[in-house]
Amino acid sequence: MDKYDQVIELAKRRGFLWNSFELYGGTAGFYDYGPLGSTLKRRIEQIWRELYVVHEGYMEIETPTVGIEDIFLASGHVGGFSDPLCECKECKGAFRADHLIDKLVPSAETMGNAELDAAIKEHGVSCPECEGELGEAYEFNLMFKTQIGPGNGRQGYMRPETAQGMFVDFLRLARFYREKLPFGATQIGKSYRNEISPRQGVIRLREFTQAEAEIFIDPNDKKHPNIERFANTMINLYSDAGQDTGIVEKLSLADALDKGIIAHEFLAYQIGLTNHFLQRVGIAGNKLRFRQHRKDEMAHYAIDCWDAEVDTDRFGWIEIVGIADRTDYDLNAHSTVSKTELSIYREYAEPKMATQFIVKPNMGQLGPLFKGKAKAVADALKAMTQEELEKDEIKVMVNEEEYTVPGDIVTFAEETTKISGETIVPHVIEPSYGIDRIFYSVIEHAFLEEKLGKSEDDEEEDARIIMKLQNEVAPVQVAILPLLSREELIQHARSIENRLRTKGLLVSYDDSGTIGRRYRRNDEIGTPYSVTIDYDTVDENTVTIRERDSMKQVRAPISGLQEVLYDLMYNDKEFESAGEAL
RNA sequence: ACAUCAGUAGUGUAGUGGUUAUCACCGGGCGUUGCCAACGCUCGAACCCGGGUUCGAAUCCCGGCUGAUGUACCA
C-alpha cells in the first residue's frame with residue numbers, strides 16, 4: 001500500500017471522501033465530501049476568502065454554473081476547448097490530428113477538421129503506431145452540454161471554469177469599483193469538464209471546485225504597491241531556463257524580479273500570496289515549487305504564467321494553482337462577440353493638449369465630383385501631408401487609380417485639441433486554484449505514520465497514524481473525552497462541550513471505547529487537542545488537555561478553558577503555558 | 001480511448017466448482033475499566049451489476065460498471 005492508498009483508505013473510512021453514486025456502482029470523476037471532508041474543504045476555502053476577499057479586497061461574486069453558448073464562443077471553449085482526434089482504422093489508436101501534421105504544415109493548430117483531413121491525405125500521413133489508414137478527424141469537446149428551456153431550447157454548457165462569469169460582468173464590476181484600476185473579483189464554485197478518462201481520485205474530476213480571482217490592472221503599470229510584503233520571501237522557482245537543466249532555484253521574489261525571471265511585480269506578488277496561502281493550509285514548503293510555463297506551452301495571449309506544483313507520493317509533481325497574466329485577451333474576445341466596448345475611461349491628472357493636423361475635404365463638392373468614390377478619396381486626402389495638399393491640383397491614389405482633386409475644395413489646419421483622458425482595456429492577472437487537488441495535497445502532506453517503538457511485553461512495533469492538520473483547517477478542533485463512561489463524568493463532559501461551543505470551537509464528544517483508542521481515533525482525523533474529564537474534574541474543576549503531535553498533557557481549570565483552547569488554536573499559544581505539565 | 005490486472009462486511013483480507021463464506025480490525029449494546037489502539041460476553045455487516053455454462057458459480061465464460069498500471073489525452 002503506498003501513501004496514496006493509505007490516505008484514501010483513511011479518508012474513506014473516516015468520512016473525508018467517498019465515491020459518488022456508490023450505491024449504484026459509482027461513476028469515474030465524481031467524489032462526495034463526507035462530514036469531515038466538507039468541513040476541511042470549507043475551512044480551506046475560508047482561509048482563501050480571508051486572503052483574497054478580506055485582505056486584498058477582491059469581492060466575491062456568484063454566477064451561474066450553466067452558461068449560454070455566446071460566452072463560450074467568445075472565450076474560445078466552444079471551438080478550442082476540444083481536441084481534434086483522429087482514429088486509426090486498423091489499431092483503433094486515437095491521436096491528436098493536429099499533432100500528426102504540425103511538423104509538416106505551418107499552422108496545424110488553427111486548422112479545421114476538413115483542412116486537417118486534407119493535409120493528412122496530402123502528406124500521406126499514416127498511423128504512427130501501426131502505419132494503418134487514419135479515419136476522419138473529429139472534435140472532442142470537453143464541455144458538458146445541456147439544453148436551456150424545453151424542447152429545442154437554447155444550447156447551454158456547464159462552465160469549464162469560473163473565470164468567464166467574472167469577465168462577462170466586467171462593466172458592472174468596473175462600475176461597482178468606481179472605475180478605478182486595479183480591482184478584482186473572486187469566485188469559489190464548481191466547474192465541469194467531461195474528461196475522457198478521469199483517474200487519480202480527486203486529482204482529475206469531472207465536477208470540481210475552483211477558487212479564482214480575476215484582477216484587472218492597468219496594462220501600463222504592473223507594479224504592485226505592496227510588493228515589499230513578499231520581496232524577501234524565498235520561493236522554489238522552476239523557471240523556463242531552469243527546466244532545460246532541471247534546476248529548481250530558491251530565490252527571493254525581489255531577486256527573481258531583478259533577474260527578470262518573473263515578468264513583473266504584480267505577478268510576483270501573486271506568487272508570494274499563493275505561496276503564503278498554500279503553506280498556511282498545510283502544504284509542505286519543501287514539496288512546493290512554482291514552475292514557469294515554457295515559451296511553447298504558454299497560451300499565445302499570455303505574457304507569463306506560473307503553476308504552483310506540489311510533490312505527491314504517487315503522482316509526483318501536480319499542478320494545483322495556475323497564475324497567469326492573460327493580458328486583455330478575454331475582455332477583447334467578449335468585446336468582439338458582444339459588440340460592446342469593454343474598457344474603462346481614465347482621466348489624466350492634467351489634460352493633454354495635442355496638436356493635430358486636420359484635413360477637411362469639402363464633401364458637398366467632393367460628392368458630385370467623384371460619386372461613389374468620394375469617401376475613399378476623402379480618406380486618402382486625410383492621410384496626406386500639408387506639403388502635398390498645398391498644391392492647386394492634388395493627386396490622389398485610390399485602389400491604384402489616380403484622381404485629381406482641385407486644391408480649393410480641401411481645407412486643412414493645425415488644430416489644438418484637449419484630451420482629458422483615455423480608454424483602457426485592462427490586463428487580467430488570474431490566480432486559479434484547484435481546491436480539490438489542494439485538499440488532497442493537504443491531507444497527504446499531513447498524513448504521518450509514527451512508530452512509537454516496542455512496548456515492553458509486546459514484540460510488535462506500535463504505530464500511530466496522525467493527520468498533522470494545521471489547527472486552522474482541522475475539521476474537529478477539540479475532542480471531549482470522559483475518561484470513564486460514568487454518569488457524573490458524562491455530565492461534566494457535556495457541560496464542557498457546550499462551554500467550548502459557545503466560543504465557536506468545533507468539538508466532538510466521544511465516550512465509546514477506551515481512552516487510548518479514542519486518542520488514536522482523534523489522531524487519525526487530525527484533532528489537535530483532546531480534553532479528558534476524570535474524577536479530579538468533579539472534585540477540583542480541572543481537566544487534562546492533550547496535544548496531538550507531542551502526546552503531552554497539561555492540567556487546566558475548567559473556568560476559562562474555552563479561552564485557553566481558542567488561544568492554542570488561533571493565537572499560537574504555547575502548549576506548556578496552557579496549564580500545569582503532567 | 002486502447003491494453004493488462006483487479007473488484008468478497010465500514011476497512012484490510014481468506015477462500016480455484018459442492019452444506020450455514022474465513023480472519024482481524026471496525027461499529028453498536030452490556031459489564032469491567034484511572035490517561036495512549038486493555039479485557040469478557042453479545043450483536044451488526046460482504047461475494048460490483050447483468051447474462052451464460054452447470055445438478056450446483058464468489059470461483060469458469062461473455063458483456064457492463066468501477067479501480068490500479070502503461071500508452072494516448074489533459075483550457
Side-chain angles (χ1 to χ4, degrees), chain A residues 1-2 4-6 8-15 18-30 34 72 75-88 91-96 99 128-130 140-143 159-161 163-164 191 193-201 203-204 210 293 297-299 301-302 305 314 318-319 322 324 326 330 430 432 450 452 455 458 460 462-466 481-486 489 512-524 530-537 543-548 550-553 555 582:
Chain A
M1 241 182 151
D2 67 5
Y4 173 85
D5 283 329
Q6 286 183 290
I8 290 296
E9 187 262 312
L10 188 152
K12 218 191 252 183
R13 193 158 39 82
R14 292 296 184 192
W18 295 322
N19 266 109
S20 295
F21 325 126
E22 220 176 4
L23 183 61
Y24 291 103
T27 298
F30 296 95
F72 302 115
S75 70
H77 286 101
V78 168
F81 196 60
S82 62
D83 301 314
L85 288 189
C86 203
E87 276 180 32
C88 171
C91 72
K92 303 293 178 198
F95 308 94
R96 280 281 292 271
H99 287 183
E129 291 283 321
C130 71
F140 243 41
N141 194 293
L142 296 180
M143 282 194 295
R159 65 181 178 195
E161 58 178 18
Q164 298 306 324
S191 293
R193 294 174 192 185
N194 201 2
E195 299 289 349
I196 296 163
S197 173
R199 303 242 192 115
Q200 309 169 334
I203 304 300
R204 169 157 255 104
Q210 287 187 308
H293 278 206
E297 166 188 11
M298 200 150 45
Y301 49 81
C305 190
R314 179 184 283 183
I318 58 168
E319 175 197 344
R326 301 179 61 115
D330 302 277
E430 179 195 74
S432 172
E450 194 175 75
L452 292 178
S455 56
D458 202 346
E460 280 179 46
D462 194 11
R464 172 169 91 117
I465 290 172
I466 327 166
L481 314 172
L483 190 59
L484 305 169
S485 52
R486 296 237 171 93
L489 296 188
S512 71
T514 58
I515 189 66
R517 174 176 301 180
R518 284 178 277 162
Y519 283 149
R520 294 304 171 87
R521 210 184 267 158
N522 276 289
D523 288 340
E524 263 193 13
S530 300
V531 167
T532 314
I533 287 87
D534 57 21
Y535 278 106
D536 290 344
T537 308
V543 294
T544 302
I545 308 176
R546 180 246 195 199
E547 186 181 48
R548 177 193 67 204
S550 65
M551 300 200 286
K552 284 184 183 152
Q553 301 188 332
R555 197 76 196 176
L582 288 179

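- B/U13 atom C1' lies 12 Å from atom CD of A/E9, rounded to whole Å.
- Residues A/R14 and A/E547 both approach RNA chain B. Their nearest nucleotides, taken by heavy-atom distance, put A/R14 toward the 5′ side.
- Here the P atom of nucleotide B/A37 and the CZ atom of A/R521 are 13 Å apart, to the nearest Å.
- Between A/R518 and B/C35, a side-chain N or O to OP1/OP2 separation shorter than 4.0 Å is absent.
- Counting only heavy atoms from C-beta on, A/R13 has its side chain closest to B/G10 among B/C35, B/G10, B/G28.
- Residue contacts for A/R314: at a heavy-atom cut-off of 4.0 Å it reaches the sugar-phosphate backbone alone, with no base atom in range.
- A gap of 45 Å separates the P atoms of B/U16 and B/U32, to the nearest Å.
- The structure places CG of A/N19 at 11.5 Å from CZ of A/F30, a figure rounded to the nearest 0.5 Å.
- Summarising the base pairing, B/G40 is matched to B/C30 through a Watson-Crick or G-U wobble pair whose two defining distances lie under 3.5 Å.
- Atom pair A/N522:CG and B/C35:P shows a separation of 18 Å (rounding to whole Å applied).
- Across all strands shown, B/A6 is found opposite B/U66 as a Watson-Crick or G-U wobble partner, with both distances under 3.5 Å.
- A donor-acceptor contact under 3.5 Å links the side chain of A/R520 to the base of B/A37.
- Contact annotation: A/S512 reaches the phosphate of B/G28 (side-chain N/O to OP1 or OP2, under 4.0 Å).
- Mapping A/S432 and A/N19 onto RNA chain B by nearest heavy atom places A/N19 at the nucleotide closer to the 5' end.
- Side chains of A/T544 and A/Q553: a donor-acceptor N/O pair is absent below 3.5 angstrom, by distance only.
- Taking atom CZ on A/F21 and atom P on B/C48, their separation rounds to 22 Å, with Å as the unit.
- From A/I533, atom CD1 reaches atom CG of A/L484 across 11.0 Å, with rounding to the nearest 0.5 Å.
- The nucleotide B/U59 finds no pairing partner, because no Watson-Crick or G-U wobble arrangement with both distances shorter than 3.5 Å includes it.
- Atom CG of residue A/D330 and atom CD of residue A/E430 lie 7.5 Å apart, to the nearest 0.5 angstrom.
- Checking B/U11, B/C36, B/U66 against the side-chain heavy atoms of A/K12 singles out B/U11 as nearest.
- Between A/T514 and B/A38 there is a side-chain polar atom (N or O) within less than 4.0 angstrom of OP1 or OP2.
- Atom-to-atom, NZ of A/K552 to P of B/C36 comes out at 17 Å; the value is rounded to the nearest Å.
- You'll find a donor-acceptor pair under 3.5 Å spanning the side chain of A/R546 and the base of B/C36, going by distance alone.
- Looking at heavy-atom distances under 4.0 Å, A/I515 makes contact with sugar-phosphate atoms alone, never a base.
- With salt bridges taken as basic N to acidic carboxylate O contacts below 4.0 Å, one links A/R13 and A/E9.
- OP1 or OP2 of B/C26 has at least one side-chain nitrogen or oxygen of A/R517 nearer than 4.0 Å.
- A/D523 contributes no side-chain N or O that forms a donor-acceptor pair with the base of B/C36 under 3.5 Å.
- Taking the C1' atom of each, B/A58 and B/C47 are spaced 5 Å apart, rounded to whole Å.
- Rounded to whole Å, atom C1' of B/A68 lies 17 Å from atom CZ of A/R204.
- Across all strands, A/E161 comes closer than 4.0 Å to no nucleic acid atom at all (heavy-atom distances).
- Across the protein-nucleic acid pair, A/Q6 atom CD and B/C25 atom P stand 20 Å apart, rounded to whole Å.
- Pairing for B/U20 is absent, with no Watson-Crick or G-U wobble pair whose two atom distances lie under 3.5 Å.
- Straight-line distance from the CG atom of A/L483 to the C1' atom of B/A38: 13 Å, rounded to whole Å.
- Listed candidates were B/C35, B/A37, B/U33. Nearest to the side chain of A/E524 is B/A37.
- Remark: the backbone N or O of A/I8 is not paired with any side-chain donor or acceptor of A/D5 at under 3.5 angstrom.
- With A/R518 as the partner, the side chain to side chain contact (heavy atoms under 4.5 Å, CB included) test is satisfied by one option alone out of A/S512, A/P482, A/S530: A/P482.
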